[in-house]
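What follows is a single structure, written as structure tokens, with notes after it.
Reckoned from all heavy atoms, side chains included, excluding hydrogens, waters and symmetry mates.
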Amino acid sequence: MSKKQHDIFISYSSKDKPVADAVCRALEESGIPCWIAPRNAIPGIDYEEQIPPAIKSSQAMVLIFSANSNISNHVQSEVRIAFNAKKHRIPFVIDSTQMSDGLDYYLGSSHWLVAYPDYREKTCELVASVCRLLGKEHLLKEKSLLREMVNEEAVLMVEPHPIHCHAKTLEGHADTVYSAAFSPDGKKIVSASLDKTVRIWDTETGICLNILKGHASKVHSATFNTDGTQIVSASLDKTIRIWDATTGECNRPLTGHPSNVRSAAFSPDGTRIVSASPDKTIRIWITRSGNCLAILNEHTHWVYYATFSPDGTRIVSASLDKTIRIWDAETKKCINILKGHTKTVRTAIFSPDGKRIVSASQDETVRIWDAQTGECIRTLEGHENWVLFAAFSPDGKRIVSASQDKTIRIWDAQTGKCIRTLEGHEKCVYSAAFSPDGKKIVSASQDKTIRIWDISDLYQ
């Protein structure tokens, strides 16, 4: 077989060959060698013999995802091989087809690049994402692509030398840690991982106090209720689970979503739970009975995140359709649609007083919105890749954001200035949250760790 080295394996349906060829050309013109069939296949040798080693010898896979590839057995086999070989998988999504459960299992945690209606407008962005993933940012500069991907004025707002704060590292999860959050008293941390577990940690010692097992697949989120007695988690297994925070027992799973569940959160009084799913819905559940109270279904694409307002009267949701929606929790009606992000919105969360909303988006920005009018008050720019999470501090004066660029940033919520950049994680940071006193930050990362950062000096 060919010994030619390549960085990227391109998986696609034969019906999408023009797109695959264009993607291959764009990558290779930027200095990223690719393996693509039939070009790289050796005549006389079955594809079944050539594909696995080609995938395993690559650094990452780019999948041309469409209605065609969604039903292709060959594509699913290739993605499964990449998954088992622990290769990065980048879905380049060229139409709005709902992903099949089979592919969703292997791609649920991958970072999508939505490239429709015109994929040609997104090839530069794909090249930039691949270069960053491979650690070849120098190719961006050589091809003058970096200027297209990062707003130069925004970069000037970020302090040039990231500060390495004292951070305690919690290790134990066997796969990506997707979320981490403090208990209401700040003494514990709950984490959710793609290793199918939820863990409870002692904040002071960093010791794992309990491992909550029961989910049959990856766990996307976990959070405490307001008195710290219960934990709710959301999983790729299409269920939500409520756990006793002391004993670790789970009485029952909440079922009803036909697709995986990306987030779940308690209402302030703990009597309800709100969940978000790629099935394009938000569901409200009764905590005590586990019954589904309502289904909110006006989003036109995946819903990544949903949570209650501090007084429990409203719900805010974030979606792949690039919008944020505010719902009346009593009438279940959508009362406002916030538009402005140019790509997927990953999270949207109310400020402690309920007057503002902060959102994180794959357009590399954080936005602050007026929760009453829906007006965008400020756009925070500086991250060099997707922003995956953003939240207010307990006093509402600061914002913390987590990004695929491996950093956590702290912003002044009034001026929009970045006042600190935290570096230390080796891979993508999926979430970051303040402690109840605002003097610590907990972060969760693809590097399988949780970090607790001491930022008490900001209050001196």
Side-chain angles (χ1 to χ4, degrees), residues 83-88 108-111 133 135 162-183 185-224 228 231-236 241 243 245-248 250 263 385 388-389 391 400-410 420-437 439-456:
F83 175 85
N84 290 334
K86 301 187 184 309
K87 300 297 179 180
H88 293 285
S109 63
S110 300
H111 296 302
L133 177 66
I163 295 177
H164 294 263
C165 296
H166 174 71
K168 182 184 298 180
T169 303
L170 312 185
E171 298 179 301
H173 279 296
D175 205 336
T176 297
V177 188
Y178 216 81
S179 78
F182 285 97
S183 60
D185 62 7
K187 294 181 179 180
K188 296 177 183 177
I189 289 168
V190 63
S191 59
S193 171
L194 302 193
D195 66 10
K196 306 179 186 178
T197 71
V198 174
R199 292 185 179 231
I200 303 173
W201 311 79
D202 184 289
T203 302
E204 184 63 30
T205 65
I207 294 173
C208 180
L209 303 174
N210 208 344
I211 303 175
L212 313 184
K213 297 180 179 181
H215 280 297
S217 191
K218 304 171 183 179
V219 190
H220 287 133
S221 77
T223 186
F224 287 95
I231 291 167
V232 65
S233 58
S235 170
L236 190 69
R241 287 181 178 259
W243 312 80
T246 301
T247 66
C250 176
S263 78
N385 212 317
L388 303 175
F389 201 94
V400 65
S401 58
S403 171
Q404 192 179 356
D405 67 12
K406 307 177 188 177
T407 71
I408 299 135
R409 296 175 192 256
I410 305 171
R420 181 153 301 179
T421 302
L422 306 178
E423 286 193 340
H425 280 296
E426 297 175 359
K427 294 185 178 180
C428 166
V429 188
Y430 278 103
S431 79
F434 286 96
S435 59
D437 64 3
K439 296 182 179 180
K440 294 183 179 68
I441 286 172
V442 63
S443 57
S445 171
Q446 188 183 9
D447 64 16
K448 305 179 186 179
T449 71
I450 299 139
R451 290 188 180 230
I452 306 171
W453 308 81
D454 184 350
I455 58 165
S456 57

note = Tightest non-hydrogen contact, residues Ala433 and Ala180, listed as CB-O, 4.2 Å
ask   = Is there a donor-acceptor pair closer than 3.5 Å between any side-chain N or O of Thr449 and the backbone N or O of Leu170?
value = no
inquiry  = So, taking the atom named CG in Leu422 and the one named CD1 in Ile455, what distance separates them when rounded to the nearest 0.5 Å?
reply    = 7.5 Å
request  = Please identify each residue that fulfils ring-ring contact (aromatic ring centres under 6.0 Å, His included) with Phe389, with sequence neighbours left out.
outcome  = Tyr305
request  = Can you sort out the partners of Asn210 under side-chain hydrogen bond (donor to acceptor under 3.5 Å, both in side chains), two or more places apart, ordered by chain and number?
outcome  = none
key: Closest non-hydrogen atom pair between Gly248 and Trp243, with its separation   = O-CE3, 3.3 Å
query = Are side-chain heavy atoms of Asp195 and Lys448 found at a separation under 4.5 Å?
reply = no
request  = Please check if the side chain of Thr197 supplies one atom and the backbone of Leu212 the other of a donor-acceptor pair under 3.5 Å.
outcome  = no
request  = First locate atom NE2 of His173, then atom CG of Asp447, and finally report the distance between them rounded to the nearest 0.5 Å.
outcome  = 12.0 Å
ask   = So how far is it from Ile211 CD1 to Trp201 CH2, rounded to the nearest 0.5 Å?
value = 7.5 Å
inquiry  = Ser179: which residues meet the side-chain hydrogen bond (donor to acceptor under 3.5 Å, both in side chains) condition with it, sequence neighbours left out?
reply    = none
query = Do the side chain of Lys168 and the main chain of Thr203 share a donor and acceptor less than 3.5 angstrom apart?
reply = yes
query = Mind checking what makes side-chain hydrogen bond (donor to acceptor under 3.5 Å, both in side chains) contact with Ser431, not counting sequence neighbours?
reply = none
message = With rounding to the nearest 0.5 angstrom, report the CD to CD1 distance, Glu171 to Ile450.
response = 9.5 Å
request  = Under the side-chain hydrogen bond (donor to acceptor under 3.5 Å, both in side chains) rule, collect the residues that match up with Asn385, sequence neighbours excluded.
outcome  = none
note = In short, Ala222 meets Val198 closest at the heavy-atom pair CB-CG1, 4.0 Å
note = When every non-hydrogen atom of Phe434 is compared with those of Ala391, the smallest separation belongs to CE1-O, 3.9 Å
query = For the atom pair OG (Ser193) and CD (Gln446), what is the distance rounded to the nearest 0.5 Å?
reply = 11.0 Å
query = Can you find a heavy atom in the side chain of Val177 that is under 4.5 Å from one in the side chain of Tyr430?
reply = no
request  = Output the distance between atom NE2 (His215) and atom CG (Leu194), rounded to the nearest 0.5 Å.
outcome  = 12.0 Å
key: Residue list, side chain to side chain contact (heavy atoms under 4.5 Å, CB included) with Asp437, at least two apart or on another chain   = Ser435, Lys439
Side-chain heavy atoms of Lys188 within contact of Phe224, under 4.5 Å = yes
inquiry  = On a heavy-atom basis, which atom in His425 and which in Trp453 lie closest, and how many Å separate them?
reply    = CD2-CZ2, 4.1 Å
request  = Keeping the roles fixed (side chain from Thr169, backbone from Arg451), state whether a donor-acceptor pair exists under 3.5 Å.
outcome  = no
inquiry  = Tell me the closest heavy-atom pair linking Tyr178 and Ala444, and the distance in Å.
reply    = C-CB, 4.1 Å
task = May I ask you to test the Leu388-Val429 pair for a side-chain heavy-atom distance under 4.5 Å?
result = no
